[in-house]
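To start, the structure under review is shown below, and the notes come after it.
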Amino acid sequence: MTMKNFIEELKWRGMLHQDMPGTEEHLLEKMRSAYVGFDPTADSLHIGNLVPIMLLAHYQRCGHRPIALVGGATGMIGDPSGKSSERNLLDEKTLRHNQECVKAQLGHFLDFESDAENAAILVNNYDWMKEISFLEFIRDVGKHITVNYMMAKDSVKNRISSESKEGMSFTEFTYQMVQGYDFLHLYRENETTLQMGGSDQWGNITTGTELIRRISGGKGYAITCPLITKSDGSKFGKSEGGNVWLDAKRTSAYKFYQYWLNTSDEDAEKYIKIFTFLDKETIDSLIEEHKEAPHVRVLQKRLGEEVTVAAHGKEEYEKAIAASNILFGKSSSDDLKILDEQTFLDVFDGVPQATVSKEDIDNGLDMIGALAAKTNFLNSNSDARRALKENAVSVNKEKVKEDFLITSNDLIANKYVLIQRGKKSYFLLNVK
RNA sequence: GGUGAGAUACUCAAGCGGCCAACGAGGGCGGACUGUAAAUCCGCUGACUACGUCUUCGCAGGUUCGAAUCCUGCUCUCACCA
């Protein structure tokens, strides 16, 4: 089996931040195993985790074996990297639950199932860490690393010195040892010779290679990828609602797709290389196409498609497209009325709702009542009047005036009325 | 403890007896334009039974036909001096 040059691949995709000398040659020799750690602090990964996931996925496509390590043990300690304060600890039951969820999500990107030589493996460091006693650990592992070495790491320095008043517990100080031990363990058990991670993980990873060298006399390698930024300076992976999660229950496929679609032009060029498996020629021609007609947003659309299909599947992606067309396209009230109830609810998932009685509708519901008096969608009747005067209000996608009355003719699926203020705020009237 | 300055809407900040629901800026919202972007332009931004009425300018009283504006007390903030 010939290996595709993984380092080469990372370079043109802009995913290589640092690599340990000799890594490229090491990977070209034959199939190697590499791992990335995932933190099971929640029952879902978010798109911030997507970069390390893609590292593994690209790695597998280059012919190597990816290992996803769920940090059951390390998650109990908390990584001090980039954290200014002590972290809360999770109990074992929560961790186990989270691990199961994370595992399912990784399956969308990595091939765990096939019997190919380089099928992905999932491991949990709790499984080996729980057997080790404290005495054993400090004698067999701790003996090999000096405190001086550990103190020199940025993650530790930042917390102990300078303006940080919080200090750092012994537990967090130990973190790098525990993570380092993972590498040693995988090196011994699975012939894992490479650890990858975000650039903030460099310090932790090198503690691992150090342990491998000192204890086993072997050689471990390291690759880090840059932290993903957004050109406008805001944080990647956050929308108004908080994190963008991979779990559809937390972030609907529609919102997930929208997040990618709203990427700025500049970022889209970067992201399409990182978050999709498209080859260089395809991406180059897409970028070319995008430059000629930026308003068509081919880059954003393709990016959204690739990532959404990967994370949620083709069907969910198509629903997201349909929803997007309804919300942002030139859809009319007729388009809305065709929708079945379930699709309708999916599209307007998370939109504020209020219930009004059937009689109100039969008598004809005036717009002040629909917007404020009976529903509290807007803060006050004045606000409602203002919105109407501004020509901002639509019922079922059609602009209405102050004297409009909602009647049973306006019901969608016989029980809903869609009200809008402006382009972006939607309200759903539920008729009972 | 002493002296001085201040407290105005989401934020900053005018106003210092009637023309004040309160200038202006930022923010927010809406409209036009547009690519579901950026920039730009325009409008709105206390409430209500709405050409009018009511409640708001730290809190409580008072003077006056009339107070955010003047007086008294209180609370808090800031600056300077002990």
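Bear in mind that the values here come from a model prediction, so they are computed numbers and not experimental data. Every chain is numbered from 1, with letters handed out A, B, ... down the list of sequences.
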Roughly how far apart, to the nearest Å, are [N] and [M] at atom [atom1]?
N     : M     : atom1 : answer
B:A47 : B:C23 : P     : 15 Å
B:A21 : B:G46 : C1'   : 7 Å
B:G27 : B:G73 : C1'   : 38 Å

So which protein nitrogen or oxygen atoms get under 3.5 Å of nucleotides 31-36 of chain B's nitrogens or oxygens?
{"unit_1": "B:U34", "atom_1": "O4", "unit_2": "A:Lys423", "atom_2": "NZ", "d": "3.3"}
{"unit_1": "B:G35", "atom_1": "O4'", "unit_2": "A:His295", "atom_2": "O", "d": "3.1"}
{"unit_1": "B:G35", "atom_1": "O6", "unit_2": "A:Asp265", "atom_2": "OD2", "d": "3.1"}
{"unit_1": "B:G35", "atom_1": "N1", "unit_2": "A:Asp265", "atom_2": "OD1", "d": "3.1"}
{"unit_1": "B:G35", "atom_1": "N1", "unit_2": "A:Asp265", "atom_2": "OD2", "d": "3.1"}
{"unit_1": "B:G35", "atom_1": "N2", "unit_2": "A:Asp265", "atom_2": "OD1", "d": "3.1"}
{"unit_1": "B:G35", "atom_1": "N2", "unit_2": "A:Gln300", "atom_2": "NE2", "d": "3.4"}
{"unit_1": "B:U36", "atom_1": "O2'", "unit_2": "A:Asn262", "atom_2": "OD1", "d": "3.1"}
{"unit_1": "B:U36", "atom_1": "O2", "unit_2": "A:Gln258", "atom_2": "OE1", "d": "3.0"}
{"unit_1": "B:U36", "atom_1": "N3", "unit_2": "A:Gln258", "atom_2": "OE1", "d": "2.8"}
{"unit_1": "B:U36", "atom_1": "N3", "unit_2": "A:Gln258", "atom_2": "NE2", "d": "3.1"}
{"unit_1": "B:U36", "atom_1": "O4", "unit_2": "A:Gln258", "atom_2": "NE2", "d": "3.0"}

For [N], which nucleotide is its Watson-Crick or G-U wobble mate, given both distances must be under 3.5 Å?
N     : result
B:C16 : none
B:G66 : none
B:U53 : B:A47
B:C33 : none
B:A38 : none
B:G6  : B:C76

In whole angstroms, how far is the [atom2] atom of [N] from the [atom1] atom of [X]?
X        : N     : atom1 : atom2 : result
A:Phe427 : B:C29 : CZ    : C1'   : 11 Å
A:Leu388 : B:A50 : CG    : C1'   : 14 Å
A:Lys230 : B:A38 : NZ    : P     : 11 Å
A:Leu371 : B:C44 : CG    : P     : 20 Å

Where do N or O atoms of nucleotides 8-11 of chain B meet protein N or O atoms at under 3.5 Å, pair by pair?
none

Please state whether the rings of A:Tyr271 and A:Phe236 are parallel, tilted or perpendicular, taking 30° and 60° as the class boundaries.
->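 Perpendicular, since the angle between the ring planes exceeds 60°.
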
Give a yes or no on whether a salt bridge exists between [X] and [Y], defined as a side-chain N under 4.0 angstrom from a carboxylate O.
X        : Y        : value
A:Glu9   : A:Lys4   : yes
A:Lys319 : A:Glu316 : yes
A:Lys270 : A:Glu266 : no
A:Glu341 : A:Lys415 : yes
A:Arg297 : A:Asp265 : no
A:Asp383 : A:Arg421 : yes

Only one of A:Phe348, A:Phe344, A:Tyr426, A:Phe427 passes ring-ring contact (aromatic ring centres under 6.0 Å, His included) with A:Tyr416, and that residue is A:Phe344

Side-chain donor-acceptor pair under 3.5 Å between A:Ser44 and A:Gln105, yes or no?
-> yes

Distance-only side-chain donor-acceptor flag, A:His64 / A:Ser33, under 3.5 Å = no

Could you run down the sub-3.5 Å N/O contacts of the protein with nucleotides 46-48 of chain B?
{"unit_1": "B:A47", "atom_1": "OP1", "unit_2": "A:Ser380", "atom_2": "OG", "d": "3.0"}
{"unit_1": "B:A47", "atom_1": "OP2", "unit_2": "A:Arg386", "atom_2": "NH2", "d": "2.7"}
{"unit_1": "B:C48", "atom_1": "OP1", "unit_2": "A:Asn381", "atom_2": "N", "d": "3.1"}
{"unit_1": "B:C48", "atom_1": "OP2", "unit_2": "A:Ser382", "atom_2": "N", "d": "2.7"}
{"unit_1": "B:C48", "atom_1": "OP2", "unit_2": "A:Ser382", "atom_2": "OG", "d": "2.3"}

Option from A:Tyr35, A:Tyr221, A:Tyr187 for which side-chain hydrogen bond (donor to acceptor under 3.5 Å, both in side chains) with A:Gln195 holds = A:Tyr35

What distance separates A:Lys399 NZ from A:Phe404 CZ, expressed to the nearest 0.5 Å?
->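 So the NZ of A:Lys399 and the CZ of A:Phe404 are separated by 14.0 Å.
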
